[in-house]
Amino acid sequence: MTSRLARAGVLLVAAAFVGYWALLVDCDLWQPKPQGVALAFEGGRVTVADVAPDSAAARAGLLLGDHLVSFEGRPLRDRLDWMAVEANVEFARPINLSVDRDGRLSTIALVPERGSWQSWRLHHGPELLVIRGVQLVT
C-alpha cells in the first residue's frame, strides 16, 4: 500500500513538472514581439529613453523624452509598475498609456503584437530550445 502511494505521489509530481514545462515552452514560442521602447526609471518617473523605428512603440507615437504617467488609470512610477503592465499584455488589445509630453497629457494606445517564427529563431530561440530540452531531461 505504501509503495503504491509513493508511486502515485511521484507520478503526480512528474505530471506537475511536465505541465509546467509545457507551459514554459508555450510561452517561449508565442511570446509577444518586443515593444520597441527603452525606458528610464528615475526619480519616480518613467521616461522614454529610446524608440526603435518601425516598432509598436513608434507606431503608437511614443517619442524620446515622453513621460509615461499611468496605465489605464494606475500610476507608473518605477520598473515594477512597468513590469505589471508587461505581465498583463494581450495580443491585439491596446495598452492605454497616459503620456506627459512637454506638459500636455495625452493617451497613447500601444498595441502588442505576436512574435513571428522568424523572430523566435533569430532572438534566442535555439538557445531556449536547448535549455528546455535540458530541463525536460533532468
Side-chain angles (χ1 to χ4, degrees):
M1 179 73 171
T2 306
S3 175
R4 271 164 96 196
L5 189 58
R7 270 186 269 173
V10 168
L11 284 175
L12 181 64
V13 169
F17 173 78
V18 170
Y20 173 68
W21 179 84
L23 177 64
L24 288 175
V25 170
D26 184 63
C27 290
D28 290 341
L29 291 174
W30 304 115
Q31 62 186 318
K33 194 185 273 188
Q35 301 301 319
V37 64
L39 301 174
F41 305 92
E42 297 173 2
R45 294 184 78 158
V46 179
T47 306
V48 175
D50 192 24
V51 178
D54 195 36
S55 65
R59 284 188 290 281
L62 283 174
L63 300 175
L64 185 67
D66 284 350
H67 297 286
L68 306 183
V69 178
S70 66
F71 159 65
E72 297 183 0
R74 289 176 281 250
L76 294 172
R77 295 174 300 258
D78 54 28
R79 185 176 308 275
L80 288 176
D81 291 337
W82 183 251
M83 288 171 67
V85 171
E86 289 182 321
N88 291 292
V89 165
E90 291 181 37
F91 299 117
R93 186 180 135 242
I95 298 171
N96 296 312
L97 299 168
S98 292
V99 176
D100 178 358
R101 183 178 295 157
D102 300 324
R104 291 188 327 264
L105 276 180
S106 60
T107 300
I108 289 182
L110 182 64
V111 182
E113 301 167 354
R114 186 179 300 275
S116 67
W117 177 251
Q118 180 72 10
S119 69
W120 185 85
R121 283 189 16 217
L122 296 175
H123 297 114
H124 310 297
E127 292 93 351
L128 280 172
L129 189 60
V130 170
I131 290 168
R132 297 301 178 225
V134 169
Q135 285 178 328
L136 183 62
V137 169
T138 58

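Both Leu136 and Val25 are part of a single hydrophobic cluster, where members link through side-chain heavy atoms under 4.5 Å apart. The hydrophobic cluster containing Val69 does not contain Leu97, counting ILVMFWY residues as joined when their side-chain heavy atoms lie under 4.5 angstrom apart, directly or transitively. There is a path of hydrophobic side-chain contacts, each under 4.5 Å, that joins Trp82 to Phe71.
Between Leu62 and Ile108 there is a side-chain heavy-atom pair separated by less than 4.5 Å. Residues Arg79 and Val46 fail the side-chain proximity criterion, which asks for heavy atoms closer than 4.5 Å. Residues Arg45 and Asp100 have side chains in contact (heavy-atom distance under 4.5 Å, counting atoms from C-beta outward). Using a 4.5 Å cut-off on side-chain heavy atoms (C-beta onward), Pro112 and Gln35 make contact.
Residues Arg59 and Glu113 are paired through a salt bridge, judged by an N-O separation under 4.0 Å between the basic side chain and the carboxylate.
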Between Asp81 and Val85, is the side-chain contact (heavy atoms from CB on, under 4.5 Å) condition met? List the steps.
CA-CA 7 Å; Asp81 291 337; Val85 171; over 6 Å; no

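His67 pairs with exactly one of Thr47, Asp102, Val48, Leu76 by the side chain to side chain contact (heavy atoms under 4.5 Å, CB included) rule, that one being Thr47.
The environment of Asp54 atom CG is sparse: at most 12 non-hydrogen atoms of other residues, nucleotides or ligands sit within 6.0 angstrom. Annotation for Tyr20: atom OH does not count as buried by contact number, only 12 or fewer foreign heavy atoms lying within 6.0 Å.
Of all the heavy atoms in Gln135 and Leu24, the pair that sits closest is OE1-CD1, 4.0 Å.
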